[in-house]
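Model, not experiment: these values are computed from the prediction. Just the heavy atoms: all of them, side chains too, but no hydrogens, waters or symmetry mates, feed the values below.
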Amino acid sequence: MRRVALVTGASRGIGRGIAIRLASDGHRVVLVSRTRDALESVQAEIESSGGSAAVVTCDLSDGEAVAAMIEQVTSDEERIDILVNNAGITRDGLILRMSDEDFDAVLAVNLRSVFVACRGVARTMMRGRWGRIINISSVTGLVGNPGQANYAAAKAGVIGLTKTIAKELGSKGITANVVAPGFIGTEMTEALGEQVLGEASKRIPLKRLGTPEEIAGAVSYLASEDGGYVTGQVLTVDGGLVC
Ligand code: NAP
């Protein structure tokens, strides 16, 4: 069945991969990030393969803007059936040197926007008695990582938030799950440099970084009818890094 899916951080990397996959699964996809040009090129890619996509710009660090964006999309599209909270940022630094600003900036995009978007879609999903919420966390949210106190706190928060939503909304036909990627080849990991990534690959049982398409496959399953009895789970897609 054709659903309306909203994907945040769809302009590049994992979010782009998720958006393209959900479109190829037959869903209409609403692409959200701050950068219209990049979103439009993902939209063009989707439409050239016969898919359907809309572009919406929003700065997710602004909670009120997130709430307004969800309301606008719900009104324009008449519903949001599948919500994928994927957008994320890093502001790394050891705890002794981490500023309040860097902590708050990461929490705003990586956790508060997820909460606001989930709250925003809940009512219409409840009314339709069907919904899929898929939040992208990280293995860092499971095991921590030196230099990422802010990021780890936000990503662990996403897991607690999602499990709570699964319990609150399950009786309304809504599932809520987390996908926790390990090292995936995107601009976010490129910033770590070749040496760090080479060392990381050695520690990964599958001996390589993952791809956005491999995360998209997990999201596609959780969004599908086949995933309908899976809720409150954390699906780790990390080549075996944390097992
Ligand atoms: P990326 O390549 O850096 O892309 C981040 C996306 O988030 C972009 O589309 C960006 O769009 C959007 N974004 C950032 N700040 C935003 C804001 N304030 N408002 C709206 N959109 C914003 O990252 P990625 O590697 O694809 O990561 C995607 C998700 O997976 C993140 O949540 C990340 O934490 C998680 N993750 C990634 C890895 C990895 O190895 N790559 C591992 C574990 C978890 P604009 O710049 O166009 O706004």
Side-chain angles (χ1 to χ4, degrees), residues 2-63 65-74 76-77 79-90 108-118 120-121 131-138 154-155 158 162 177-181 184-191 210-224 237:
R2 183 179 189 258
R3 307 277 185 185
V4 175
L6 185 150
V7 181
T8 70
S11 58
R12 60 175 188 268
I14 293 172
R16 173 182 167 276
I18 292 169
I20 290 171
R21 175 61 192 263
L22 291 179
S24 83
D25 289 345
H27 306 301
R28 175 165 167 79
V29 185
V30 180
L31 312 166
V32 178
S33 89
R34 291 165 301 184
T35 321
R36 178 164 294 279
D37 290 3
L39 292 172
E40 282 177 352
S41 79
V42 177
Q43 180 187 36
E45 209 176 329
I46 288 173
E47 289 176 347
S48 72
S49 322
S52 168
V55 162
V56 176
T57 54
C58 179
D59 183 350
L60 300 168
S61 66
D62 175 348
V66 178
M69 179 272 291
I70 293 288
E71 216 180 299
Q72 188 63 50
V73 173
T74 305
D76 292 349
E77 304 288 335
R79 60 192 201 280
I80 296 169
D81 304 304
I82 300 165
L83 171 67
V84 185
N85 287 300
N86 160 80
I89 59 166
T90 52
V109 176
N110 295 13
L111 181 58
R112 190 185 55 197
S113 84
V114 179
F115 157 68
V116 174
C118 290
V121 299
R132 297 278 194 270
I133 293 171
I134 300 148
N135 294 327
I136 307 301
S137 175
S138 165
K155 293 300 190 181
V158 164
T162 310
N177 291 287
V178 166
V179 173
I184 308 300
T186 69
E187 280 180 30
M188 186 180 272
T189 40
E190 262 169 39
T211 65
E213 291 70 28
E214 287 169 323
I215 302 303
V219 171
S220 168
Y221 164 67
L222 292 170
S224 72
V237 184

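- A side chain to side chain donor-acceptor pair (under 3.5 Å) with S52 is found for one member of R2, E47, Q43 and no other, namely R2.
- Annotation: side chain of M188 is not in contact with side chain of I14 (no heavy-atom distance under 4.5 Å).
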Check your understanding: Would I70 and L6 satisfy side chain to side chain contact (heavy atoms under 4.5 Å, CB included), going step by step from the backbone distance to the final call?
Key -> CA-CA 9 Å; I70 293 288; L6 185 150; 4.2 Å; yes
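- From S224, atom OG reaches atom CG of L22 across 10.0 Å, with rounding to the nearest 0.5 Å.
- Residue I46 holds its CD1 atom at 12.0 Å from NE2 of H27, rounded to the nearest 0.5 Å.
- The CG atom of N110 sits 11.5 Å away from atom CG of N135, with the distance rounded to the nearest 0.5 Å.
- Other residues, nucleotides and ligands place more than 12 heavy atoms under 6.0 Å from the CD atom of E213.
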**Study point:** Steps toward side chain to side chain contact (heavy atoms under 4.5 Å, CB included) verdict (V219, I136)
**Key:** CA-CA 9 Å; V219 171; I136 307 301; 4.0 Å; yes
Exercise for review: Show your reasoning for whether side chain to side chain donor-acceptor pair (under 3.5 Å) applies to R12 and T35.
Suggested key: CA-CA 10 Å; R12 60 175 188 268; T35 321; 5.3 Å; no
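- Under the 4.5 Å side-chain criterion, counting only non-hydrogen atoms from C-beta, V237 is not in contact with P181.
- Residues passing the side-chain contact (heavy atoms from CB on, under 4.5 Å) test with A67, sequence neighbours excluded: V116.
- Considering only heavy atoms from C-beta on, R132 stays 4.5 Å or farther from R3 through its side chain.
- Atom CD1 of residue I82 and atom CD1 of residue I133 lie 11.5 Å apart, to the nearest 0.5 angstrom.
- D76 meets the side-chain contact (heavy atoms from CB on, under 4.5 Å) test with Q72; sequence neighbours excluded.
- Residues passing the side-chain contact (heavy atoms from CB on, under 4.5 Å) test with S11, sequence neighbours excluded: S33, A38, L39.
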